[in-house]
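Computed from a predicted model, the values in this text were never measured in an experiment.
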Amino acid sequence: MSHVYCSECGFQNSEAANFCARCGAMLEREGTDSAETTLSYMPEHPTEEAATGVEGVEGPALVVRSGGGRAGEVFSLQRERTTVGRSPDCDIFLDDVTVSRRHAVISEQDGRFAIEDLGSLNGTFLNRSRIEQAQLSDDDEVQIGKYRLVFLAQ
């Protein structure tokens, strides 16, 4: 029996699967056109592109680096308070059971950004440490559920 490995979490799936049984990411097949790819952000090996920001985005933003097959998606942080969660009412909608309905809030005050966990079940992590509330700095990694996002102050 042949297997397909998930590019997000490495889980071994059956050849007939279209989505990963562990994390839900869309499975990539060999032989498909791979001319268009998205660069993955690896904190251990920062790239020059990660430091220069995201083209076409003015001001601070969160960029999805992995999770849910949404790598590369950009969320601009233009409000004083930006809610993050599984509820469609949230400003940043992350549709996955690992994310609470109202998981976290990112607030801006005097040009500085902070993230606060709103009592989520799985917690909010900043640079791989669980936090209740913390200040955000450029290139910080935020993990909410299975999503890993990078904060860009720009």
Side-chain angles (χ1 to χ4, degrees), residues 3-47 49-51 53-57 59-79 81-107 113-132 134 136 138-154:
H3 295 90
V4 178
Y5 291 90
C6 176
S7 61
E8 292 286 329
C9 70
F11 187 73
Q12 181 179 338
N13 294 277
S14 71
E15 184 177 23
N18 291 320
F19 296 93
C20 178
R22 179 186 289 164
C23 73
M26 186 154 69
L27 297 174
E28 297 176 15
R29 305 270 182 219
E30 285 185 27
T32 59
D33 183 31
S34 60
E36 270 190 62
T37 59
T38 302
L39 293 176
S40 295
Y41 176 77
M42 302 302 289
E44 297 79 29
H45 307 288
T47 64
E49 283 187 51
V54 177
E55 190 174 315
V57 176
L62 278 178
V63 179
V64 178
R65 292 300 184 194
S66 67
R70 295 174 66 179
E73 196 167 335
V74 179
F75 299 102
S76 184
L77 302 174
Q78 298 299 322
R79 303 176 131 193
R81 289 177 53 87
T82 304
T83 56
V84 182
R86 194 177 74 230
S87 171
D89 296 333
C90 288
D91 301 313
I92 299 176
F93 174 53
L94 301 176
D95 189 19
D96 186 75
V97 296
T98 61
V99 179
S100 296
R101 286 183 185 93
R102 292 189 40 81
H103 198 101
V105 65
I106 299 169
S107 56
F113 286 83
I115 187 164
E116 179 183 353
D117 185 83
L118 298 175
S120 66
L121 181 63
N122 292 321
T124 300
F125 294 81
L126 181 62
N127 299 321
R128 302 189 182 187
S129 297
R130 190 171 182 155
I131 55 100
E132 294 299 319
L136 290 170
D138 198 35
D139 288 331
D140 275 349
E141 181 186 76
V142 175
Q143 183 171 348
I144 295 176
K146 70 178 182 183
Y147 294 92
R148 289 183 188 245
L149 309 103
V150 175
F151 174 74
L152 299 176
Q154 296 188 347

Partners meeting side-chain hydrogen bond (donor to acceptor under 3.5 Å, both in side chains) with Arg70 (sequence neighbours left out): Glu73
Verdict with reasoning, Val105 to Leu118, per side-chain contact (heavy atoms from CB on, under 4.5 Å): CA-CA 7 Å; Val105 65; Leu118 298 175; 4.0 Å; yes
Glu116 CD to Ile106 CD1 distance, which is reported to the nearest 0.5 Å: 11.5 Å
Leu77 vs Ile92 side-chain heavy atoms within contact, under 4.5 Å: yes
For Arg79, all residues meeting side-chain hydrogen bond (donor to acceptor under 3.5 Å, both in side chains), sequence neighbours excluded: Asp91
With Thr98 via side-chain hydrogen bond (donor to acceptor under 3.5 Å, both in side chains) - residues at least two apart: Asp96
Whether Asn127 side chain and Asp140 backbone form a donor-acceptor pair below 3.5 Å: no
Interatomic spacing from CZ in Arg148 to CZ in Arg65 - rounded to 0.5 Å: 13.0 Å
Close side-chain approach of Leu27 to Cys6, heavy-atom, < 4.5 Å: yes
Spacing of Ser87 atom OG and Phe93 atom CZ [to the nearest 0.5 Å]: 7.5 Å
Minimum heavy-atom distance Val99-Leu94, with the two atoms named: CB-O, 3.8 Å
side-chain hydrogen bond (donor to acceptor under 3.5 Å, both in side chains) partners for Ser120, two or more places apart: His103, Asp117
Glu132 atom CD, neighbour heavy-atom count above 12 within 6.0 Å: no
For Phe113, all residues meeting ring-ring contact (aromatic ring centres under 6.0 Å, His included), sequence neighbours excluded: Phe151
Spacing of Ile144 atom CD1 and Leu62 atom CG [to the nearest 0.5 Å]: 7.5 Å
Where Thr83 and Cys90 come nearest, the two heavy atoms and their spacing: OG1-CA, 3.3 Å
side-chain contact (heavy atoms from CB on, under 4.5 Å) between Arg128 and Gln143, worked out: CA-CA 7 Å; Arg128 302 189 182 187; Gln143 183 171 348; 5.6 Å; no
Distance, nearest 0.5 Å, that separates OG1 of Thr124 from CD1 of Ile131: 5.5 Å
Closest non-hydrogen atom pair, Phe125 against Arg130: CD2-N, 3.4 Å
Intermediate values then yes/no, side-chain contact (heavy atoms from CB on, under 4.5 Å), Leu136 and Val142: CA-CA 9 Å; Leu136 290 170; Val142 175; 3.9 Å; yes
Side chain to side chain contact (heavy atoms under 4.5 Å, CB included) involving Ser7 - partner list, sequence neighbours excluded: Glu28
Nearest atoms (heavy-atom pairs only) where Ala134 meets Leu126: CB-CD2, 3.6 Å
Asp138/Leu152 under side-chain contact (heavy atoms from CB on, under 4.5 Å): CA gap, chis, key distance, verdict: CA-CA 5 Å; Asp138 198 35; Leu152 299 176; 4.1 Å; yes
